[in-house]
Amino acid sequence: MEERYNPAVIEAKWQRRWEERGTNRVDLEQATRPYYNLMMFPYPSAEGLHVGHAFAFPGADIHGRFRRLQGYDVFEPMGFDAFGIHSENYALKIGAHPAELIPRTVAKFRSQLNRLGLMLDWSHAVDTTDPGYYRWTQWIFLKLYHFGLAERKKAPVNWCPACHTVLANEQVIDGYCERHPEVAVEQRFAEQWFFKITRYAERLLRNLDWIDWSETTKTAQRNWIGRSEGAAIEFPLNDGSGLRIRVFTTRPDTLFGATYLVLAPEHELVARITSPAQRGAVDAYVQRTLKMDLVRRRSVRDKTGVFTGAYALNPATQKLIPIWIADYVLAEYGTGAIMAVPAHDQRDFEFAAAFGLPVVQVIQPPPGTRVEQDTAYEGPGVLVNSGPFDGMASAEAKKAITAWLAERGFGEERVEYKLHDWCISRQRYWGPPIPMIYCDHCGVVPVPEQDLPVLLPFVENFRPDESGVSPLARVREFYEVSCPRCRALARRETDVSDTFLDSAWYFLRYPSAHRSDVAFDPELTCKWLPVDMYIGGNEHAVLHLMYTRFITMALHDMGLLPFEEPFRKFRAHGLITKDGAKMSKSRGNVVNPDQYIDQYGADVFRMYMMFLGPYTEGGDFRDEGIAGVQRFLEAVWRLVRQFDPQAQASPVLRRSVHRTIAKVQEDLEELRYNTAIAALMSLANDIRRYGPPDRWVLECLLIMIAPFAPHLAEELWEALGHQTSIFDARWPQYDPQALLEEQVELAVQVNGKVRGRITVARTASDEEIVRAAQEIPSVRAHLQGKTIRKQVVVPGRLVSFVVG
RNA sequence: GCGAGAGUGGCGGAACUGGCAGACGCGCUAGACUUAGGAUCUAGUGGGUUUCCCGUGGGGGUUCGACUCCCCCCUCUCGCACCA
């Protein structure tokens, strides 16, 4: 054994050894205690790994290694989310083709991941750009289509007038183009494919009550789904057309205060109800807002709007109220129309103030409520100016007025969600073609399953252009096909699908990655899924995790999966920032882990990243403390090097080991890596203080270090004479009896202040403890001449006297 | 504005269910060993007017006892942003 710890040598050695021995591979068929440890697969950026990856992946890997040491057959696969706008834009920028670029970046990423010493089973790797993968992505699209969950409809796309191209949502920053910060992104309309995720809104919400996920993530999902209970109310037009304006409100109790209606500029009835006199003004307003749609959402701005010239009847008051158009009403939520109650809704209040519309108070705030000047009172109260409902509490009135409306055919209870259907069409090149064909005779025809994959052709010029459609629409050999039904000349869909579809099912693919005949083998799926632990960043708390759940539920409903939630457990790791900011190329604060691995080795670096702070919180990257971890691992190295087989560990030391096992085990269960490392360091300190260690002490230490510093642990395990991997060893058992100290130290408080300490037998009675405590000079001084009014004994903790 | 999370030594952070604030580490100070030290080891390290007092963003409260619970306020980070 070398005198000095040399990470470069032993890490290369063990990475080679693991590869040769197949240490990280698990036999999926034979495994008896399957444990699926999943980490969010990366997008292989050209820059390679940054320290955020070196935090996220090792953290998940530590969990997997810990489970393995506990005796599970841990499956820890990895893959690459390599389709999408990032790769495409990067390729455009450097003048390369993604089809050539991606394999290079994937290879680089993979070698960097390997340097981190992850327990990855590469024999089940996936790459979303592989036709053997996206064939099944397309297959899932077809499944959803046949199941009635995919539909085609006109929808706005983001158009940058400066780039002359369609933008992805993530390229739109606050309504402006990412590359032209002064250019407002416009809306254009195109036929696009949607998945009807809104049908699953209630179930996606309800299941959050029982799935074992980070609470923060669940809250984010709940907010995103955005369930609101209220009523749909219909307001008849007074023009004899019989038309009604349907609105959604969460405050039916304020109906008597609805003094006008507002339609979104996109509302389908705008053109029909606008009076001739107002037509010019309305058209101009609508045109302008549609163009500026994304800017309009940028922030809350001054209210703008225009009167249509039309009136509707408030079914409660029987009064005619004007119908306006304003961009503060969103077309995609509710019915795209609202009843405005300026007295009790701040937005309506501002609008009414701007346009001189009447304000009628219908809710009396509870006595003593302070209502700010020039604001709407949005809280609960008692109804006034509400005819038969006067005097009713607002909560009760919600139900009563809704029922009253329902009886008269003017409305009903209604639940709305913020969640929108998932638009999966992308007018781009670098993605899986959507497997659909448009035939003049047969209409929309899905590509037959046996014709999959629809290969993404190699297109020299894949730059999007001013046509607003995918570059694939320029490739005749691609889009000209014969209709699968009638054989007539037909046209292929030229949009590709959203990257989020690729990543919505990759975890289903891993166990079956070796199979080309099925997307996921039923038996393997049954055995290995749902995923036991999923670890990833909170930036995917909403979209990715919502889409995955939806796809899983849909496949479950089709009878293709035996479970409806994909992940038994999900834990979000924190974000690593640099100088307080998110790491990004444009900020120039991206930290590459390679330099640290070169200098300190992967073990030190992994452990240091975990020691930086709580795994679930992340933190700001700095390298000031890395020497501490290095010193710790060097000390462990020396302990093993100086190991004396004759030595007997002292009882104190043995007890310290038991205590450490209990602590580290408990911490690892909860991903509290920073405190687990602290406990390991304490144990090393104890070994130095109460040494020498015997074999058992050192082996316990090594096994506990192994998840964090796998190479070092293997090397020292071998040095202790073992022929097999330390990861085939078992996590040590601690003896709960050994945790109980014979003597315990208690603090002695007088009037809440610590005045001394006593050491007593663990079994000492309260009386003995109190007597001993009173005898300490420092305590006696404070008790002198006072009467003890109360005394509290907290076993194992303290004694407290209250004197007066 | 709404939602989530967080404010503790010079720094990163610890503290179970209300029970000795500052574990562990960085840094710093002193010493030992050494030709040498950016190696190793030992001791110390919240502040102060040091028998004692103060101290977990600020202000109140509950309690024998509060970083922890309750009320009000401030600051920061992240997410969503006119969702009726």
Side-chain angles (χ1 to χ4, degrees), chain A residues 4 174 215-220 222-224 226-228 230 247-251 254 258 262 296-301 303 326-330 332-341 344-348 350-351 378 416-420 538-539 541-542 574-575 577 580-582 608 611-614 616-629 631-632 634-635 638 663 666 672 674-685 688 745-757 778 781 788-804:
Chain A
R4 286 188 56 90
D174 292 339
E215 219 37 60
T216 53
T217 311
K218 291 210 256 186
T219 307
R222 285 193 186 100
N223 292 341
W224 189 260
R227 185 181 199 274
S228 293
V247 307
F248 173 71
T249 178
T250 54
R251 295 297 301 272
T254 62
V262 190
R296 151 190 173 194
R297 288 153 206 277
R298 181 171 54 132
S299 59
V300 179
R301 295 168 309 123
K303 297 285 178 286
D327 67 4
Y328 81 92
V329 174
L330 305 176
E332 68 273 11
Y333 183 75
T335 61
I338 61 153
M339 67 175 205
V341 185
H344 305 294
D345 182 284
Q346 187 58 26
R347 297 156 300 182
D348 298 342
E350 286 164 15
F351 190 81
E378 297 184 329
E416 285 288 343
Y417 303 90
K418 287 185 201 172
L419 185 70
H420 298 326
N538 234 345
E539 67 272 21
V542 175
L575 182 73
T577 55
K582 227 186 223 177
Y608 174 64
F611 193 51
L612 212 52
T616 49
E617 281 168 37
D620 205 54
F621 180 80
R622 70 209 161 265
D623 54 20
E624 278 88 1
I626 196 163
V629 173
R631 286 201 272 261
F632 168 63
E634 282 170 350
R638 277 194 305 275
K663 168 71 175 159
E666 193 179 295
R672 289 192 296 250
N674 55 331
T675 49
I677 294 168
L680 290 169
M681 288 173 166
S682 287
L683 177 58
N685 292 343
R688 266 174 290 179
E745 192 184 58
L746 304 184
V748 183
Q749 291 186 344
V750 179
N751 281 356
K753 290 203 161 51
V754 179
R755 297 299 181 184
R757 286 153 217 290
S778 57
I788 296 175
R789 291 223 206 108
K790 188 171 179 181
Q791 57 196 32
V792 182
V793 178
V794 182
R797 300 264 183 212
L798 53 68
V799 191
S800 180
F801 296 108
V802 186
V803 299

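To find a chain, count down the sequence lines: A is the first, B the second, and so on, and within it residues start at 1.
- Along RNA chain B, the nucleotide closest to A:F248 and the one closest to A:T216 are compared, and the more 5′ of them pairs with A:T216.
- Closest contact between the side chain of A:L330 and the listed nucleotides B:C24, B:G19, B:A84 involves B:A84.
- Atom CZ in A:F621 sits roughly 21 Å away from atom P in B:U77 (whole-Å rounding).
- In this structure B:A36 sits in no base pair that meets the Watson-Crick or G-U test at under 3.5 Å.
- For B:C16, the OP1/OP2 oxygens have no side-chain nitrogen or oxygen of A:R797 closer than 4.0 Å.
- Regarding A:R622, its CZ atom lies at a distance of 13 Å from the P atom of B:G27, rounded to whole Å.
- Base-pair partner of B:G9: not found among the strands shown (Watson-Crick or G-U wobble, both distances under 3.5 Å).
- Checking B:G13, B:C64, B:A84 against every side-chain atom of A:V802, the shortest atom distance belongs to B:C64.
- In this structure, the CG atom of A:L798 is 15 Å from the P atom of B:C64, given to the nearest Å.
- The gap from the C1' atom of B:A6 to that of B:U56 amounts to 13 Å, rounded to the nearest Å.
- When each of B:G19, B:A84, B:U40 is scored by its nearest atom to the side-chain atoms of A:R638, the top-ranked nucleotide is B:U40.
- A close approach under 4.0 Å does occur between a side-chain nitrogen or oxygen of A:N685 and OP1 or OP2 of B:G25.
- When rounded to the nearest whole Å, the span between CD of A:E634 and C1' of B:A39 equals 9 Å.
- B:U17: no Watson-Crick or G-U partner with both key distances under 3.5 Å is found in any strand.
- If you take OH of A:Y328 and P of B:A84, they are 13 Å apart, rounded to a whole angstrom.
- Distance from the side chain of A:K582 is smallest to B:G79 among B:A39, B:C24, B:G79.
- Looking at the side chain of A:I338, the nearest of the listed nucleotides B:G19, B:A84, B:A14 is B:A84.
- Per the geometry, CH2 belonging to A:W224 stands 14 Å off C1' belonging to B:C2, to the nearest Å.
- When both pairing distances are held under 3.5 Å, B:G44 makes a Watson-Crick or G-U pair with B:C28.
- Taking the P atoms as reference points, B:C76 lies 34 Å from B:G25, given to the whole Å.
- Across all strands shown, nothing is found opposite B:A23 as a Watson-Crick or G-U wobble partner with both distances under 3.5 Å.
- Of the residues near RNA chain B, A:G334 and A:P614, the one whose nearest nucleotide (by heavy atom distance) lies more toward the 5' end is A:P614.
- Under the Watson-Crick or G-U wobble criterion, with both distances below 3.5 Å, B:G1 is paired with B:C80.
- Distance noted for atom P between B:G57 and B:C67: 10 Å (whole Å).
- In this structure, A:R631 reaches the sugar-phosphate backbone alone: every heavy-atom distance under 4.0 Å involves primed, P, OP1 or OP2 atoms, never a base.
- Comparing the C1' positions of B:U8 and B:C52 gives an interatomic distance of 24 Å, to the nearest angstrom.
- Checking the phosphate oxygens (OP1, OP2) of B:C41, a side-chain nitrogen or oxygen of A:R688 falls inside 4.0 Å.
- Atom name C1', nucleotides B:A39 and B:G46: the rounded distance is 30 Å, in whole Å.
- Between B:G79 and A:N223, no contact under 4.0 Å exists linking OP1 or OP2 to a side-chain N or O.
- Note on ring orientation: taking the six-membered ring where Trp is involved, the planes of A:F621 and A:Y608 are perpendicular (angle over 60°, cut-offs 30° and 60°).
- Because its glycosidic torsion is more than 90° from 0, B:G12 is reported here as anti.
- Of the C1' atoms belonging to B:G31 and B:U75, the separation is 44 Å, rounded to the nearest Å.
- Look at CZ on A:R755: it is 18 Å from P on B:C64, rounded to the nearest Å.
- In the interface, the side chain of A:K418 is not paired with the base of B:C80 through any donor and acceptor atom under 3.5 Å apart.
- For B:A66, there is no paired nucleotide, since no Watson-Crick or G-U wobble pair has both relevant distances below 3.5 Å.
- Listed pair A:S228 / B:A84 meets the phosphate criterion, a side-chain N or O lying under 4.0 Å from OP1 or OP2.
- Nearest to the side chain of A:M681, among B:C24, B:A39, B:C82, sits B:C24.
- Atom-to-atom, CD of A:E624 to P of B:G13 comes out at 12 Å; the value is rounded to the nearest Å.
- Comparing B:A21, B:C82, B:G25 by their closest approach to the side chain of A:D327 singles out B:C82.
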